[in-house]
Amino acid sequence: MDTIAAQQLAAGVRTRVPGLADELVRIIAVQNPGYRRVGVVSDEDLRKSCHDNMSSVLALIGRDDATEEFYAAARCTGRRRAEQRMPLDDVLRSFRLGGRLLWQALVDQARSDGSVDAEGLLEIASWLWEVVDSTSAHVAAAYHAAEQQLVRIDEQRRATLWEGLLRGRAKDLAFAHEAARIIGVPVDGPYAAVVADADASPALGRLLAEHGIHSAWQLRAHTLVGLLSLDSPELGIVLKVLRDALTVPAGVSLVVHGLADVDVAYRQATLARRSVQPGRVEVAALADRLPEAMVLSSPELAEELIRLRLGPLLKIPAGERRILLDTLETWVATAGSVSRTAELVHCHRNTVINRLTRIEAVTGNDLSDVPHLELSLALKASWLLPPGPLA
């Protein structure tokens, strides 16, 4: 069968496209329930798509010189259905249904005008399904391109909402509801925040979910931030799961109430993470690190405290410095017990006394007159603030 005869047959069917489009809309409603289930494509939208694509398919039959303009309707359909979040499988199923309807229309047309014999109809069928396949390919390509663009837009929107949450914008109730909808978390209820190094386990959300804890996570610069929606203000199971799963340092906030206070929880979790001494891998709960958090919250005062209570001690040779700092830290932790300190640092009590005397000589402080709280905070600050006591 020559191409002219095929084109003439297709042209005869094109006059019936308006009615065929109406019929295809009815067929899709019955045989492709995905459209009805998703409910985002109106009848008018669907009919126009059916009309334009059937016209394009018929125009392509018998042509070897098809240009991109012949696929404009297919690309438009692909983009629009992606924007409507219509599953691609359902879209392509409708194209197959349209192909079957066009095939029947071509057969009916051939019988009515007697222009095509059985062998010619086989060639028409081959042309038709090649065109349907190529048209479907253009639909899929446009769909995927639009989908990728939508993913980028969604990611940007999600990142913007996260930034807003962490900066306190959820105190605006409208913003809180929008963020909750997009990120997938409730507006109210107990929350805790987690801040971990960026290479934390990607399975944290799943592991927490297995214990009934819903969470949302966002990579932010070199940090992984998590929001944990809790059933109760208890953090026991949260800390257990995180400590079992994480192989990087992390911090966990106190419990706050609702998205409106997530910015507070984020700052707390950040402080808790910073309370982990360099080189250590642990999950620090702010509730257990309040003195460290206070030190980190006011680095200027912390540096002054280090200078007053430890300053000269941090300038002696590293070997002696390490021994004296360890002894002092243990002595403070034991509330000034020389005997207990000797047990813990594995030396004679006279050695402890000699070391404490050496510390007094170096720092110019009488340890009996310095509050243990100040010494404790100074020691913690020296570990947490750069360059560190052993640098």
Side-chain angles (χ1 to χ4, degrees), residues 195-197 235 239 242-243 246-254 268-391:
V195 168
D197 289 10
L235 287 174
L239 294 173
L242 294 177
R243 285 168 178 160
L246 283 172
T247 56
V248 296
V252 181
S253 71
L254 303 175
Q268 291 177 351
T270 300
L271 281 174
R273 164 62 188 89
R274 291 176 59 201
S275 76
V276 178
Q277 291 184 16
R280 293 190 179 182
V281 175
E282 57 186 346
V283 176
L286 185 70
D288 302 326
R289 301 291 178 93
L290 292 177
E292 290 89 341
M294 293 173 65
V295 165
L296 291 168
S297 296
S298 185
E300 299 86 358
L301 294 180
E303 288 171 358
E304 180 65 13
L305 188 60
I306 293 171
R307 187 188 68 79
L308 288 173
R309 298 310 180 198
L310 302 177
L313 188 61
L314 302 181
K315 298 178 181 178
I316 65 175
E320 183 185 13
R321 189 191 328 159
R322 182 187 296 273
I323 293 172
L324 294 181
L325 284 170
D326 185 45
T327 301
L328 180 60
E329 199 163 12
T330 306
W331 182 76
V332 170
T334 59
S337 171
V338 172
S339 298
R340 182 62 180 146
T341 299
E343 292 177 11
L344 293 174
V345 299
H346 308 293
C347 66
H348 194 276
R349 67 187 312 275
N350 287 340
T351 302
V352 172
I353 293 173
N354 290 336
R355 291 176 183 174
L356 294 176
T357 301
R358 170 67 172 151
I359 291 170
E360 289 180 328
V362 171
T363 62
N365 292 321
D366 182 344
L367 293 179
S368 63
D369 289 338
V370 179
H372 282 200
L373 176 60
E374 286 190 22
L375 286 173
S376 177
L377 290 175
L379 286 163
K380 291 180 186 300
S382 71
W383 282 107
L384 295 172
L385 298 180
L390 302 178

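Every value quoted in this text rests on a predicted model; they were computed, and no experiment measured them.
Ala381 and Ala302 make their closest contact through CB-CB, 4.0 Å (heavy atoms, listed as atom of the first residue, atom of the second, distance). Taking every heavy atom of both residues into account, Arg243 and Ala285 meet most closely at NH2-N, 4.2 Å. Of all non-hydrogen atoms in Val195 and Arg273, the two that sit nearest each other are O-CB, 4.0 Å. Between Val276 and Pro249, the shortest heavy-atom distance links the atoms CG1-CB, 4.1 Å. Taking each heavy atom of Val248 and Val281 in turn, the nearest pair found is N-CG1, 3.6 Å.
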- Task: Just do the side chain to side chain contact (heavy atoms under 4.5 Å, CB included) check on Val295 and Trp383 with the steps written out, would you?
- Result: CA-CA 11 Å; Val295 165; Trp383 282 107; over 6 Å; no
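Annotation: side chain to side chain donor-acceptor pair (under 3.5 Å) contacts involving residues 286-295, sequence neighbours excluded, comprise Ser275-Arg289, Glu282-Arg289, Glu292-Lys380. Sorted by first and then second residue, the pairs that involve residues 314-338 and meet salt bridge (charged side-chain N to carboxylate O under 4.0 Å, His left out), not counting sequence neighbours, are Glu320-Arg358.
In this structure, CG in Leu328 is found 6.5 Å from CG in Leu367, a value given to the nearest 0.5 Å. Atom CG of residue Leu271 and atom OG of residue Ser297 lie 4.5 Å apart, to the nearest 0.5 angstrom. In this structure, the separation between CG on Leu324 and CG on Leu313 is 6.0 Å, given to the nearest 0.5 Å. Separation of atoms CG (Leu325) and CG (Leu310) is listed at 7.0 Å; rounding is to 0.5 Å. Separating the CG atom in Leu286 from the CG atom in Leu254 is a distance of 4.5 Å, to the nearest 0.5 Å. Distance CG/Leu305 to CD/Glu300: 13.0 Å, rounded to 0.5 Å.
Residues Leu344 and Trp331 form no side-chain contact, since every pair of their non-hydrogen atoms from C-beta on lies 4.5 Å or further apart.
Among residues two or more places apart in sequence or in another chain, the side chain to side chain donor-acceptor pair (under 3.5 Å) test is passed with Asn350 by none. Here Glu303 pairs with nothing under the side chain to side chain donor-acceptor pair (under 3.5 Å) rule; sequence neighbours left out. Among residues two or more places apart in sequence or in another chain, the side chain to side chain donor-acceptor pair (under 3.5 Å) test is passed with Gln268 by none.
In this model, no donor atom of one side chain and acceptor atom of the other lie less than 3.5 Å apart for Thr341 and Thr330.
Proximity of a side-chain donor or acceptor of Thr327 to a complementary backbone N or O of Ile323 within less than 3.5 Å is detected.
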Compile the donor-acceptor pairs under 3.5 Å between side chains in residues 371-379 and protein atoms, sequence neighbours left out, one pair per line.
unit_1 : atom_1 : unit_2 : atom_2 : d
Glu374 : OE1    : Arg309 : NE     : 2.8
Glu374 : OE1    : Arg309 : NH2    : 2.9

